[in-house]
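To start, the structure itself, in structure tokens.
Just so you know, these numbers use all the heavy atoms, side chains as well, and skip hydrogens, waters and symmetry mates. Nothing fancy with the numbering, it's 1 onward along the sequence.
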Amino acid sequence: MNWSLLLLFFLLFILILKTPGILRLRSARDTAAFYGIWALTVMVTLADKADLSQLRPLDWVRSIMELLS
């Protein structure tokens with residue numbers, strides 16, 4: 001199993017697991033941030049799997065996490 005497919009399964013698991021908690025917060029900003037980052041991660045992973053992107057998914061996730069910390 002390759003890493004892109006494993007990451008997609010993990011992202012689907014996180015979506016299913018965290019959606020009720022995000023909706024319970026009733027915060028439009030938090031909901032938009034969660035789904036926006038989730039969708040961006042899925043798009044970059046699919047682009048990487050199709051050999052369309054130059055930046056691997058874990059590289060940009062690491063760079064965003066460095067900005068946030």
Side-chain angles (χ1 to χ4, degrees):
M1 180 179 272
N2 62 19
W3 289 107
S4 294
L5 191 58
L6 184 63
L7 183 58
L8 286 173
F9 282 133
F10 179 72
L11 287 170
L12 181 62
F13 175 71
I14 292 299
L15 180 69
I16 293 168
L17 187 69
K18 292 298 180 181
T19 293
I22 292 292
L23 294 177
R24 215 171 307 134
L25 288 175
R26 298 181 193 255
S27 170
R29 182 184 57 165
D30 292 343
T31 303
F34 173 74
Y35 287 120
I37 291 172
W38 184 87
L40 185 61
T41 307
V42 169
M43 288 187 308
V44 168
T45 304
L46 291 174
D48 181 59
K49 189 155 180 64
D51 293 330
L52 296 176
S53 100
Q54 298 296 327
L55 188 61
R56 296 180 310 207
L58 294 178
D59 289 341
W60 74 265
V61 169
R62 186 179 314 118
S63 65
I64 288 177
M65 292 307 292
E66 286 175 359
L67 288 175
L68 295 176
S69 63

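- With contacts defined as side-chain heavy-atom distances shorter than 4.5 Å, the pair Val44/Thr41 does not qualify.
- The hydrophobic cluster containing Leu12 also includes Ile16, under a criterion of side-chain heavy atoms closer than 4.5 Å among ILVMFWY residues, counted directly or through chains of members.
- Taking CG of Leu17 as the reference point, atom CZ of Phe10 lies at 9.0 Å (rounded to 0.5 Å).
- Atom OG1 of residue Thr45 and atom CG of residue Leu8 lie 5.5 Å apart, to the nearest 0.5 angstrom.
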Determine all donor-acceptor pairs shorter than 3.5 Å in which one atom belongs to a side chain in residues 30-40; sequence neighbours excluded.
| residue | atom | partner | partner atom | Å |
| --- | --- | --- | --- | --- |
| Asp30 | OD2 | Ser27 | OG | 3.4 |
| Thr31 | OG1 | Ser27 | O | 2.8 |
| Tyr35 | OH | Thr19 | OG1 | 3.3 |
| Trp38 | NE1 | Leu11 | O | 2.9 |

